[in-house]
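Protein chains get the first letters and strands the later ones, always in sequence-line order, with residue 1 at the start of each. What's counted below: heavy atoms across the whole structure, side chains too, no hydrogens, waters or symmetry copies.
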Amino acid sequence: MFKKFTFEDISAQNQVKTSVQRKIRQNIVDEYPGLEPLMDDLLPKKVPLIVAKCQNHLNLVVVSNVPLFFNVRDGPYMPTLRLLHQYPNIMKKLQVDRGAIKFVLSGANIMCPGLTSPGGALDEDVREETPVAIMAEGKQHALAIGFTKMSAKDIKSINKGIGVDTMHYLNDGLWKMQRLV
Amino acid sequence: MAEKPEPVRVLYCQVCGLPAEYCEFGPDFEKCKPWIIQNAPDLYPDLLKEANERQADKAAEQLQSVGISSSGDAGGGIQGQADPSGSNIASKPEELKRLPGGKIKKKEKQEVLIEKIVRNKRKCVTVVKGLDLFGVKLSDASKKLGKKFATGASVVKGPTDKEQIDVQGDISYDIVGFITETWSEVPESAIFFIEDGKKVAAA
């Protein structure tokens with residue numbers, strides 16, 4: 001989604017109302033309970049929260065010029081990879097095999113066989129339509145953030161086609177955008 | 001309140017910006033190598049060895065390239081999103097036209113193309129082409145679309161005298177369901193989006 005993403009794609013940046021802020025916070029905490037004790041650090045109450053609206057109904061949650069979360073339409077908020085690297089345990093993890101890494105890093109969606117092969121690993125609790133961290137065989141850090149298209153059980157049993165939609169991956173447009181101007 | 005987990009510090013490569021362990025998949029691994037040898041030698045044990053070896057023998061490089069290609073083949077479970085099949089579709093009709101004799105004309109395929117055209121940066125028009133091929137009356141269709149999405153919708157003469165429907169606003173998200181619902185003769189598999197000049201199946 002962020003394969004080509006530049007400042008041009010941001011159509012408007014707004015400081016949001018406190019009521020909207022509260023809603024965003026609540027949504028993020030609901031989605032990632034592990035982040036709750038950190039919320040005051042991540043989204044300090046004093047610092048204005050900015051929501052950048054971009055093309056294709058994409059929203060970025062920006063705090064002091066650093067994009068922290070993004071979401072599409074009314075979908076769940078997902079952390080950016082830089083944030084996920086700092087707090088890797090907030091999301092469910094799926095692991096792909098080594099051969100898949102280079103494809104994922106060029107933006108491919110995650111196909112089921114890459115998750116079920118010996119190098120991959122699946123968290124059985126993952127349901128469809130949830131954000132997940134994509135890890136890689138033999139690597140410590142996440143390489144992408146995805147949105148599952150099937151539940152983990154389906155991925156295992158069907159083992160064909162797209163299992164996870166890749167939303168955000170290393171070295172894509174959002175990754176390169178460390179700070180908004 | 002639970003204890004605060006400490007943020008993990010990740011070593012990012014100064015050259016390509018990726019976490020150091022992903023440098024090997026980065027845009028330019030060769031350029032990153034000197035930095036890695038200095039800063040994260042334990043991540044790539046082979047690299048250090050290789051660097052030492054290279055001074056003695058350049059054959060090491062060959063070895064390494066062999067290693068990369070074999071590991072790349074190991075688990076090809078994932079296909080590129082922009083894999084060749086997409087461009088294949090686009091290039092096929094051209095090939096047909098170029099056939100010797102030139103008399104073979106491409107048959108008009110029954111499909112609906114949906115394209116989003118952006119104007120003024122944040123306003124857009126959704127163009128629907130090819131509904132007429134399914135025997136749908138375009139003027140009726142535009143009225144229905146306009147009513148459903150509460151926007152202006154008009155029948156416009158497109159390029160090469162084909163008629164298309166322009167609908168104001170970005171409705172590409174909902175339009176597939178609407179088309180299949182309203183006109184049952186249009187299968188979902190015949191609806192395509194055009195994104196960056198590429199055809200993407202809607203289903």
Pick out which of A:V20, A:T18, A:L43 makes a side-chain contact (heavy atoms from CB on, under 4.5 Å) with A:L49. A:L43
From B:K144 NZ over to B:I179 CD1, what is the distance, rounded to the nearest 0.5 angstrom? 12.0 Å
Can you confirm whether B:D28 is buried at CG, in the sense that more than 12 heavy atoms of other residues, nucleotides or ligands lie under 6.0 Å from that atom? yes
Determine whether B:L145 and B:I175 make a side-chain contact, defined as any pair of heavy atoms from C-beta on separated by less than 4.5 Å. yes
Among A:V104, A:D97, A:L105, side-chain contact (heavy atoms from CB on, under 4.5 Å) partner for A:I101: A:L105
Which atoms of A:L143 approach chain B - backbone, side chain, both or neither, heavy atom under 4.5 Å: both
What part of B:C16 gets within 4.5 angstrom of chain A, counting heavy atoms only: side chain, backbone, both, or neither? backbone
Got a sec: does the CZ of A:R73 have more than 12 other heavy atoms crowding it under 6.0 Å? yes
Examine the side chains of A:N27 and A:E31 and answer whether a donor and an acceptor come within less than 3.5 Å of each other. no
Please state whether the rings of B:F25 and B:Y22 are parallel, tilted or perpendicular, taking 30° and 60° as the class boundaries. tilted
What parts of residues 119-137 of chain A touch chain B if we use heavy atoms and a cut-off under 4.5 Å? A:A136
Please check this pair: side chain of B:T126 against backbone of B:I171, looking for a donor-acceptor N/O pair closer than 3.5 Å. yes
Less than 6.0 angstrom separating the ring centers of A:Y32 and A:Y87, yes or no? no
Using a heavy-atom distance cut-off of less than 4.5 Å, which residues of residues 167-176 of chain A contact chain B? A:L170, A:N171, A:W175
At a 4.5 Å cut-off on heavy atoms, which part of A:R82 comes close to chain B: side chain, backbone, both, or neither? both
Based on non-hydrogen pairs under 4.5 Å, which of A:Q140, A:K53, A:Q178 is most in contact with chain B? A:Q140
Please name the residue in the list A:V164, A:I155, A:I162 that meets the side-chain contact (heavy atoms from CB on, under 4.5 Å) test with A:C112. A:I155
